[in-house]
Amino acid sequence: MPAVPRSNSNWTLTWSDEFSSADGSAPDPGKWTYDLGGNGWGNQELETYTSHPRNVKIQRGNLVITAQQEKFTGANGNERNYISARLKTQNLFAQTFGRFEARIKVPQGQGIWPAFWMLGNNIASDGWPKCGEIDIMENIGREPSVNHGSLHGPSSVAPTSDLTSTTSLPAGQNYADDFHIYAVEWEPGVVRFYVDSYNYATFTQSQWPAGGQWVFDHSFFIVLNIAIGGRWPGSPDASTQFPQQMLLDYVRVYSKK
């Protein structure tokens, strides 16, 4: 049984994937489904997402998501120059409140954008950003030592309402160099963000921007992906090496005892 998180012993494991199936196997279909295609995903991203083993499989006890430079035409007829994978627990698992954590070794390179995040389970009916978004880990290639944690929701005075923070490794260290544990502890009216055991940000409902709606009071599902390019990270350049891989040792979810 996975150990309880070090930051707080008052949690009970409710869901996990240890990615311990045979090498080359697909992720557990009882736990994961996929977003597929290449439409820019609202961010002008450059990849097409697939469920092919060359983009997602189990290897040596890790879930391996691989971004490749490869021309690919998706079902929508759009030709893209990159392929990757985006997994989610939508319609399979969602939870309101708790500790959500994953032990991850991120990829690297200009234009590479790995993420471990969550979306409100009401996205199909209410859309984004009304459903809410919790970004537990986002790293972009031009900032190899910086992790971003964010909340996004709806607003009556702006396209979205947001709170975001970062934490940086010491000089000369990059997140892609090793595994780190990325986590949030989410309770009514508050979300705490962690890298390893360091609580680098705490966002509360009372801090939420004026005109915005705090929507972090219903169930959310998990998303894992490597995006390529887009408005925020920019496109890959001559320095970017492919393939790039995100390795996940586990994903674990807890509820407060």
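In what follows, every heavy atom counts, from backbone to side chain, and hydrogens, waters and symmetry copies are set aside.
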Original post:
Is the backbone N or O of Tyr175 less than 3.5 Å from a side-chain atom of Asp177, with the two atoms forming a donor-acceptor pair by type?
Top reply: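 No, Asp177 side chain to Tyr175 backbone: no donor-acceptor pair under 3.5 Å.
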Using the benzene-type ring in the case of Trp, are the ring centres of [X] and [Y] under 6.0 Å apart?
{"X": "Trp32", "Y": "Trp15", "result": "yes"}
{"X": "Phe216", "Y": "Trp208", "result": "yes"}
{"X": "Phe242", "Y": "Tyr82", "result": "yes"}
{"X": "Phe193", "Y": "Phe203", "result": "yes"}

Looking only at side-chain N and O atoms, does [Y] offer a donor or acceptor that is under 3.5 Å from a partner on [X]?
{"X": "Glu133", "Y": "Trp117", "value": "no"}
{"X": "Ser150", "Y": "Thr164", "value": "yes"}
{"X": "Gln110", "Y": "Thr240", "value": "no"}
{"X": "Gln68", "Y": "Ser84", "value": "no"}
{"X": "Lys71", "Y": "Asn81", "value": "yes"}
{"X": "Thr50", "Y": "Asn55", "value": "yes"}
{"X": "His152", "Y": "Asp135", "value": "yes"}

State, yes or no, whether a side-chain contact exists between [X] and [Y] at a heavy-atom distance under 4.5 Å.
{"X": "Thr160", "Y": "Ser155", "value": "no"}
{"X": "Tyr250", "Y": "Leu63", "value": "no"}
{"X": "Met246", "Y": "Lys105", "value": "no"}
{"X": "Trp128", "Y": "Leu119", "value": "yes"}
{"X": "Ile228", "Y": "Trp113", "value": "no"}
{"X": "Leu224", "Y": "Ile65", "value": "yes"}

**OP:** For Tyr49 and Asn225, run side-chain hydrogen bond (donor to acceptor under 3.5 Å, both in side chains): C-alpha distance rounded to whole Å, both residues' side-chain angles, the deciding distance at 0.1 Å, then the answer.
**Re:** CA-CA 9 Å; Tyr49 287 126; Asn225 68 292; 2.9 Å; yes
**OP:** Assess whether atom CD of Gln173 is packed by more than 12 heavy atoms of other residues, nucleotides or ligands within 6.0 Å.
**Re:**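 For Gln173, atom CD is crowded (more than 12 foreign heavy atoms under 6.0 Å).
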Original post:
Can you check ring pair (Phe, Tyr, Trp, His ring centres under 6.0 Å) on Trp232 and His148, steps first, answer last?
Top reply: CA-CA 12 Å; Trp232 183 27; His148 297 255; 4.8 Å; yes
